[in-house]
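Below is one structure; the comments refer to it alone.
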Amino acid sequence: MLSTSASLDNLIAQFSRLPGIGRKTAQRLALHVLKLSMDDVRLMSQALIDVKENVRTCSICCNITEDDPCSVCTSPKRDRRIICVVEESTDVFAIEKTNDFKGLYHVLGGRLSPLEGIGPDDLRIPELLDRTADGAEEVILAMNPHVEGEATTLYLSKLLKPLGVRVTRIARGLPVGTDLEFADNATISRALEGRIAV
Amino acid sequence: MILTRLRLTHLRNHRHSEIDCPQGIVLLWGENGAGKTSILEAVSMLCTSRSFVSTQDRTLVAKGEETLRVEGAFQTDNGVAHTVSFAYPGAANRKAILLDNAPLESVAELFGRFPLVTLSPQHRAITSGGPAERRGFLDFVVSQVNHAYLLDLMEYRRVLRHRNALLAAHERRTPQLDAQLEPWDSALAACAVRIVRRRASFITEYQPYFIDAMRSIVDGREAPTFRYRNSAEIDTGAADAADAFRGALERSLHTDVRRGTTSIGPHRDDLDILLNGMDVRAHASQGQHKTLLISLKVGEWFFLNDHLDERPMFLLDDVFSELDDARLARILRIIPSLGQTFITTANQSILQHVPDISGGKALYRVDGGTILAYAEAA
């Protein structure tokens, strides 16, 4: 504790609660806030309140949005027959940045991880099944390539296939711009496994 | 690979110690508790990310100090210099390892690059103790020559922990549990089959090295053999081995749910060591155990030397004190054919028996956590 100011200590404590922020960084941030103009501080605190008041999850795809349903779900330009399933909203941002995907999304809100006590009931799976049954032709599973993501992919594919929909998964392999010689063995093995005809 | 210089700070009873290492033999002589083994531990921490004595890094920090640091300068067989440093605690209270001043992304990056064989009293349990010790030996050697094996092992352990968490959270078998287990079982089966296949082929390749080493240490025609005991009792060589493994998981599921843990798989397999067809755990004498352990390790050195690009280093921790003269003489005869060798002993009379070799020999006296130059012979 700096303990010369209770307000400063309180701000440091609040910053420390953020992910990735240690005690020292929190102190630096708090001292920085102290140097800001009153207007800047008002803008910042208003931004924090706005984000809580205005942002909600889309009742269709579960992505974060200000309007419900979200702009992707209501867009007439999107292909409603394809649903891309991702773990978190940040994955939607990543895919949207490519401008290559014109279908809809479904944000699961995590992945299966019994070690952390996360089971199927903690993910938005019933919503996905309802949407799939409601006229989707393809469901793309875009989980992260670690063991938990793999297990989630397998679990979902078991549930989705009986619905008569085409179930696909995104490819795993070499990152673009990386040389083969620098790739790790697991990546190369997966890339060989997933080779395609040219 | 050789270590050219080693520096220890706040490691066990060493405050600050530093030694130069010739490419031949480094002899460390001193009383019990002087800090000889800590020097070998330091080499092990640099090459394998951990001590062969203690699995808890916390216990390695000198009393009253906060941070330990070990730094080593290495040279490859082609003369390329590398540095490795090990500090504990680093960020987030974990160990921090730097290779050529850059942080490692994973300790897996060290494996096989700084190959090392260690023979210490700690390893006795490999021939006489429980299966975990032998699996540890197996996994350690195979991981050094096969990176994919190490990755499979890490993935297997992670999947296993998830599966066990699921089992522990359920009192009995239900359709929901079956459905939730399925993806983990399938991942576990795929990894398990790759691991057991890799272990099996390693055992076949390694066995001749073990036999050769044994014959160079004891007279006679005793030929040790291995027998891998597969807890799933399936033929992992078969094309449908993963399905067979899942069948075995299914058969043990009732037991597994009751116990809240997975009872079959590579984490429960064992490697029997047989001498004249008899399991050495029950039938070997003390002397035979010693010889078997030394043979396992000398065999490991020659195996790694043939399968890696770098000559392994060898740590011999207090090995000579328990040997009779005949065995001692034979082992001393083998040492010059091994790579850079670090030897600790409390017995001063051993010193004169250690052969002069072309790579040079450095003799240090270790006393109360300090290292003193004793003499140096070219």
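Given the structure is predicted, the values throughout are model-derived calculations rather than measurements. To find a chain, count down the sequence lines: A is the first, B the second, and so on, and within it residues start at 1.
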Side chain, backbone, both or neither of A:L112 within contact of chain B (heavy atoms, under 4.5 Å):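 It is both, since atoms from each part get that close.
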
Engaged part of A:E148 at the chain B interface, taking heavy atoms whose separation is under 4.5 Å: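 Both backbone and side chain.
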
Side chains of A:R169 and A:I140 in contact at under 4.5 Å (non-hydrogen atoms):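 They are not in contact (no side-chain heavy atoms under 4.5 Å apart), so the answer is no.
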
A:R78 side chain reached by A:Y105 side chain, heavy atoms, under 4.5 Å: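 Contact flag for A:Y105/A:R78 side chains = yes.
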
Interface moiety of B:L166 toward chain A, non-hydrogen atoms closer than 4.5 Å: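 Both the backbone and the side chain of B:L166 come within 4.5 Å of chain A.
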
Heavy-atom contact with chain A under 4.5 Å, split by part of B:Q180: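 Both parts, heavy atoms under 4.5 Å.
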
Short N-O contact, A:E150 and A:R111, less than 4.0 angstrom: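 Salt bridge absent between A:E150 and A:R111.
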
Test item: A:D79 side-chain N/O and A:K102 main-chain N/O as donor-acceptor pair under 3.5 Å: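 Between the backbone of A:K102 and the side chain of A:D79 there is no qualifying donor-acceptor contact (under 3.5 Å).
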
